[in-house]
Protein chains: 2
Amino acid sequence: MALTLEDVGRQCGVSRSTVSRVINDSPLVNEATKERVLKAIKELKYAPNFIARSLTKNCTETLAVTLPDITGGVFPEILAGMDEMAGQRGYHLLVVFLGGARPKSGTVEQLITHRRVDAIVTIASTVDDSQLVQMAEWNVPIICVAHKSPSKSIPSILFDDAGGAAEATRLLLAHDCRQIAHIRGPKDNFDAEERARGFRDALKTAGIPFEAKREVEGNFKREGGIRAIRELLERGVSFDAVFAGNDEMAIGAIEELKRRGRNVPREIPVIGFDDIESARFVGLSTVRVPTREIGRRAIQLAFEMIDGKQPIGYQILPTEIVERASTARGGDAKTLRLDGV
Amino acid sequence: MALTLEDVGRQCGVSRSTVSRVINDSPLVNEATKERVLKAIKELKYAPNFIARSLTKNCTETLAVTLPDITGGVFPEILAGMDEMAGQRGYHLLVVFLGGARPKSGTVEQLITHRRVDAIVTIASTVDDSQLVQMAEWNVPIICVAHKSPSKSIPSILFDDAGGAAEATRLLLAHDCRQIAHIRGPKDNFDAEERARGFRDALKTAGIPFEAKREVEGNFKREGGIRAIRELLERGVSFDAVFAGNDEMAIGAIEELKRRGRNVPREIPVIGFDDIESARFVGLSTVRVPTREIGRRAIQLAFEMIDGKQPIGYQILPTEIVERASTARGGDAKTLRLDGV
DNA sequence: TTTTATCTTGAAAGCGCTCACAATATATGA
DNA sequence: TCATATATTGTGAGCGCTTTCAAGATAAAA
């Protein structure tokens, strides 16, 4: 068994509370004894038991982060931002992939009710609205990232999905496209909804009627983009541009369009969303989202709530249009970074 | 304050030990009382305090996973495999990015000495050898993933780096390349060393002398590939093929080669390592490593060690060559999936 | 009937820590 | 000198759980 405060105390002739005080940097301990205790700690290589401390302090210095079971995309970068911020306060991240081996419902609740974590951050969660609200009752701070919470009491921190989508749409409109197809994400996904909304808003503002037949639902994966293009073509829907709900689908769409002999971007410009790493290589125009930043902010928010501060409703982080070859109407060679090998 | 065993016991007229037994599914509790207790638990919505349990059981059902501060590449996929396996036993993953905000030395030790986790899995660690050995003394299981431990007592689970590298090299040799340049990873990185070794071995076997001037050190990032090509060209080193230590650097290399007017693959075929997502899009030939599988196996190994089983020295997982456009000597159009947009 | 074995349950100690409070020593003022 | 304030340390209870041990109840055997 490992050493305890008692052991250290015995070593230098003080009680365990004095040792505890030294460890917690309490001011009410004599300078000389402090020295002695520190020496003993070093000699014995004593390290405090964090679990025991957590029990008495009722605080684990751990935050849970839940992710949907999508490994690619923006998540790693968000996580890195989170760990960066958490580390600054000595906190750790308990990362849980939802929907894989774990039962989708129940896992998150357990994390809270078992008092394993001080707060929960859910990224792009598809956890049922009512579940989230219910979870909020266990008064453990919950923060929603990249999806808006159903309840006012749960703060959210979001990308400006609608704004970015509108901008992307306007880019295509500026290229004189008037029959823009939108490959949207799944219905239960917040970002998907918002991006679709931004798309429609931009059309409306431009005085172009939205046509339901040009909106196809995908699954946020490459293959969803492929299927969406097939569906459009097979249904005989005409379109002169594609706005995809994320980059993966955009890449799939480009792949399928080219396979069908359509020229991208000359005939059909394509724009995505997220600016994932592959986007650069494909030359995909897209809407960049501040991933690292959203991670940092989410943890900051978690800390504020842990400290008892009342959270504001939600924050929206700005996005940024990135123009690459896939929307270069003239087919400008300059913008083609990598035209295959 | 949340409910305790005592509260549940009071509700249905039994002691806390009986409730504890029910929760832990002990056989020595009467069927009738068990029912009553379960009902009370449900009524009160009682959930056990995991921290308290961890304290008595001296086991946290949590595994630490450390990652280098590189967000891209193969790590997310490895993590997903790990969480999948951990979840099957109700375990959780404490994910720590080394080298970012956290002090590189000390963080891992703390995780152990503080008894926060039941085992540690280090991925592609650059933690000092001696540190690892020292850590092993705290007898908490340690598993090395994608890097070999210095000590016999720490089991490692590895990709067949040398084998894959040799195969990649042979592919280039088969294309009649005789002056193959190798952009290797950093000196302190295990994979980098192994891949370099595989490269040399393959040359030797083929009876071609290894020339040090054709081996340049990179940093496993895209930019490292760019710089390596510049260095080779500026130093006037001739080469007729490039084997990069990972895909990121290979992509950087291709980018720079094309910028310098060299034709890939006709003039200079390029092959990478890892098969990251971008590789498909670029059309990069590479060596695929079983990421998800290595994650699963690592956790499995951790569990075995937690259960007291003596670990075997190390496991090597096979790799697989993936041929794409970047090594298609004839420039076969069929293999060009995405020749830019 | 008494004895012994079998089931069930509760009391109590302990995991390693923190913290309120009591105790002691020393210093200050009357 | 004694009362009172101040600095420093130790004692003990408690965080919520598990687990050993003993006790009580019941059933089986003698």
Would you tabulate the nitrogen or oxygen pairs shorter than 3.5 Å linking the protein to nucleotides 17-20 of chain C?
from   : atom 1 : to      : atom 2 : distance (Å)
C/dC17 : OP1    : A/Tyr46 : OH     : 2.2
C/dC17 : OP1    : A/Asn49 : N      : 3.1
C/dC17 : OP2    : A/Leu5  : N      : 2.6
C/dT18 : OP1    : A/Asn24 : ND2    : 3.1
C/dT18 : OP1    : A/Arg53 : NE     : 3.4
C/dT18 : OP2    : A/Ser20 : OG     : 2.6
C/dT18 : O4     : A/Arg16 : NE     : 3.4

Between D/dT18 (C1') and B/Leu28 (CG): distance, integer Å: 13 Å
Tell me: CZ of A/Arg10 to P of D/dT11, nearest whole Å? 13 Å
Check this for me, if you would: do A/Arg292 and A/Glu84 make a salt bridge, where the nitrogen-to-carboxylate-oxygen distance has to be below 4.0 angstrom? yes
Starting from C1' on C/dT6, measure out to CG on B/Asn30 and report it in whole angstrom. 13 Å
Distance-minimising heavy-atom pair for B/Tyr314 and B/Leu158: CD1-CD1, 4.2 Å
So B/Val145 and B/Ile294, do their side chains get closer than 4.5 Å, heavy atoms only? yes
Contact summary for B/Pro155 and B/Met305, nearest pair of heavy atoms: CG-SD, 3.5 Å
Quick one: is B/Ser15 getting a side-chain N or O under 4.0 Å of the C/dA11 phosphate, OP1 or OP2? no
For a 4.5 angstrom cut-off between non-hydrogen side-chain atoms, does A/Arg116 reach B/Glu61? yes
Taking any heavy-atom pair under 4.0 Å as a contact, classify A/Ser54: base, sugar-phosphate, or nothing. nothing
Do A/His147 and A/Phe190 have ring centroids that are under 6.0 Å from one another? no
Across the strands shown, which category fits B/Gly9 at heavy-atom distances under 4.0 angstrom: base, sugar-phosphate, nothing? nothing
Measuring only between side-chain heavy atoms, which start at C-beta, is B/Arg89 closer than 4.5 Å to B/Leu63? no
Quick one: does A/Leu98's side chain get under 4.5 Å of A/Pro68's, heavy atoms only? no
Given atom NZ of A/Lys34 and atom P of D/dA7, what is their separation to the nearest angstrom? 16 Å
Length of the line joining A/Glu35:CD and D/dT8:P, which is rounded to integer Å: 14 Å
For the helix from C/dT1-D/dA30 to C/dA30-D/dT1, what is the angle between the axes at its two ends, each from 5 pairs, rounded to 10°? 70°
Please give, in whole Å, the distance from D/dC15 P to B/Asp7 CG? 11 Å
Parallel, tilted or perpendicular: which one describes the rings of B/Tyr91 and B/Phe303, with boundaries at 30° and 60°? perpendicular
